[in-house]
Amino acid sequence: MEEQKKVRCAIYTRKSTEEGLDKEYNTLEAQRDAGLSYIKSQSYQGWVALEERYDDGGYSGGNIDRPALQRLLEDVKQDKIDMIVVYKIDRLTRSLIDFSKLIEVLDAHKCSFVSVTQNFNTCDSMGRLTLNILLSFAQFERELDAERIRDKVAASKKRGMWMGGVVPLGYDVVDKRLVINKKEAKLIKLIFDKYCELKSERTVTRFLNQNGYKNKPRLQRAKGVVEAKQFSHLGVNFILSNTIYLGKVRHNGVLYPGLHEAIISEEQWNKVQIIKKHNSEHRFQLGPERKSRLLQGLIECGCCHCAMMPTHTTKNKKRYEYYVSWRAAKEGYNLCELGNIPAGELEKFVLTKVQDILKSPKIIDELARQLKNTMPEVGVTEIFNHLKNPSLFFDKLPLKVIREILEMTISRIILHKDCIIIRLFPFGREALKFTRNREFRVCESNNDMVELVYNISFAKKRGRLTILPPKDEEPIVDDTLFQALGKAHVWQSKIDAGSSFTALSKKEGLDRSYMARVMSLTRLAPDIIEAIIAGRQPLSLKISDLIKDPIPVSWVEQRKKYGFI
């Protein structure tokens, strides 16, 4: 006689709230006992209960993000379960969408489920029809409950009641009402006072942490009481925006007088909000869609180990663009040793390295294909000719094409205080033999990638960081600067030889004032002229920096102004 096949049954139980779960015999135990009895009644079909427990206490049936349910599904995928037994179908889920996802997983692994109190199972079509009908009512019931709860919350908040959640710093909960904690209330007043004085969330956060102030200890379901933590920039910002401290309750953008006592006066609250509004209008913002976003998504801060984002600020109607780490922007600039890195200089540095590896025939071929739609007149020959002056070549390319070149070649750009690491995809690795820097290392996290390491240093130029080029690699001559310097000395020598400045300007076909500004380059310090000729000048130095304002008489002042010291 053929031995009967065993049906391995897992019992799943759930309760929406934690109320009553501390009892010795709770609803989860009752559901499990009912499931065990049902499995025993089906023992003639080979049903056997598994010892593994799948209990979700305090989890809603509105979604499937439940630890025991996820563990159950994982065991189903590993073919450890043949049948799932539940007390009622709504214990498993109350959503038709989630139900369809569950059925898809169960069908793929030939697993069924059955309800103890509802006479159906998913083994036949009638059972599935019954199940869909029951789930429709279960979802309707859940949505009806949700509407009632929303109405209740709205009505309660209009009466000024606190509706639970994380207890705000400065208050305790007594009989489900907020009561002022005098010690914590002093800290809240201190935060508001300091913000009025310092006018910066980050500065206030730094003051609180340096003086040993801590946030409120929290009670978490899994960990119990969690020790009080230091303040964060976002936490301080939340406190300064929380209308609870004004003695009011917010609901759907409307403020209602609260039943709890206020900690902050309305006068001080309004003063803080005015300062916050002023700061928000002048703080760094994401830059527009322009070349300042060229490295967005590619660059990473080696100090914070997080992405760097493009930002900008405006001073005296002049726009300054930077890259800054997300951590520094959100939690405080004192946490990052890099700070704000000028966008133009960093992008120019990276493009200089990329234009070297563009000399690979394979990459030039791919580049010609990329340009076919946007610039059909540019072929491989034209690209080779343009690469004789790569800086002009990149100026002519559309932003989209430059971005595609970067994404095709570079995996990551990691910026440290003393070096820049450019991590290349295998596609870019093949071009290394065409670069001037042939020293590279294999990436530890991916052996198919390599990393180019460039030692750099930073210098202050008119209060801004500038990137100084590496001293141990081939110099980069700026053709525009080089030619302007040459013209300046040629014109000056002709003037010294007795030529008329007016006649010279007519012969050159140039404006007199422009020629005068260019000729002022002859007054540069000898070491600055030598650096420009050798290509050792700061990468950010442009001809406009030298001719738009008068050149200082002092050579020391020149070196400071133009970023050489």
*Quick one: does L346's side chain get under 4.5 Å of L415's, heavy atoms only?*
yes
_So does T203 get a backbone contact from the side chain of S200, meaning a donor-acceptor N/O pair under 3.5 Å?_
yes
*For the student: nearest non-hydrogen atoms of R412 and G297, plus distance*: NH1-O, 2.8 Å
*asked:* Check D545 with K561, please: is the shortest side-chain N to carboxylate O separation under 4.0 Å?
replied: no
*Could you state the interatomic distance from NZ (K494) to CE (M519), rounded to the nearest 0.5 Å?*
11.0 Å
*Which atoms form the tightest heavy-atom contact between L178 and H260, and what is the distance?*
O-CB, 3.7 Å
*pair L240-Y245: side-chain heavy atoms closer than 4.5 Å*: no
*Walk me through it: do I414 and I422 pass the test side chain to side chain contact (heavy atoms under 4.5 Å, CB included)?*
CA-CA 7 Å; I414 305 169; I422 300 180; over 6 Å; no
*asked:* Any heavy-atom pair between the side chains of P526 and W555 that's under 4.5 Å?
replied: yes
*So do the side chains of I529 and H489 get within less than 4.5 Å of each other, counting heavy atoms only?*
yes
*asked:* Under a 3.5 Å cutoff, is there a donor and acceptor pairing between the side chains of N237 and K276?
replied: yes
_Within the structure provided, determine whether L208 and K214 are in side-chain contact (heavy-atom separation under 4.5 Å)._
no
*Test item: W491 and T522 side chains (from C-beta on) under 4.5 Å apart, heavy atoms*: no
*Would you tell me whether D65 and Q70 have side-chain atoms, one donor and one acceptor, within less than 3.5 Å of each other?*
no
*Pick one: which of V236, N209, I239, L190 meets side chain to side chain contact (heavy atoms under 4.5 Å, CB included) with V204?*
V236
*Check: I495 main-chain N/O paired with S499 side-chain donor or acceptor under 3.5 Å*: no
*asked:* Restricting to non-hydrogen atoms, name the atom on L521 and the atom on A488 that form the minimum distance, rounded to 0.1 Å.
replied: CB-CB, 4.0 Å
*asked:* Nearest 0.5 Å, please: how far is CD1 in I263 from NZ in K186?
replied: 12.5 Å
_Heavy-atom check, side chain of R559 versus side chain of D527, under 4.5 Å_ = yes
*What are the two closest heavy atoms between K271 and C196, and how far apart are they?*
CD-SG, 4.0 Å
_Applying side chain to side chain contact (heavy atoms under 4.5 Å, CB included) to L546 and L481, what does each step give before you reach the verdict?_
CA-CA 9 Å; L546 296 172; L481 274 176; 3.4 Å; yes
_Shortest non-hydrogen separation from A525 to Q558 and the atoms involved_ = N-OE1, 2.8 Å
_Worked verdict on I413 versus I421 for side chain to side chain contact (heavy atoms under 4.5 Å, CB included)_ = CA-CA 6 Å; I413 301 162; I421 300 172; over 6 Å; no
*Value rounded to 0.5 Å, distance of CD1 in I275 from CD in E201*: 10.0 Å
*Keeping the roles fixed (side chain from D511, backbone from S513), state whether a donor-acceptor pair exists under 3.5 Å.*
yes
_Measuring from atom OH of Y195 to atom CD1 of I191, what distance do you get when rounded to the nearest 0.5 angstrom?_
12.5 Å
*In sequence, state the C-alpha distance, the side-chain angles, and the governing distance for F238 and L169, and then conclude on side chain to side chain contact (heavy atoms under 4.5 Å, CB included).*
CA-CA 11 Å; F238 178 76; L169 179 70; over 6 Å; no
*Hey, could you give me the CG/OG1 distance between L198 and T205, rounded to the nearest 0.5 Å?*
10.5 Å
*So do Y322 and I341 actually touch side chain to side chain, heavy atoms under 4.5 Å?*
no
*Taking all non-hydrogen atoms of both residues into account, name the closest pair between A484 and I543 and its distance.*
CB-CD1, 3.5 Å
*asked:* Pairing donors with acceptors under 3.5 angstrom, does anything connect the side chains of Q296 and Y323?
replied: no
*When rounded to the nearest 0.5 angstrom, what distance separates CE in M309 from SG in C301?*
12.0 Å
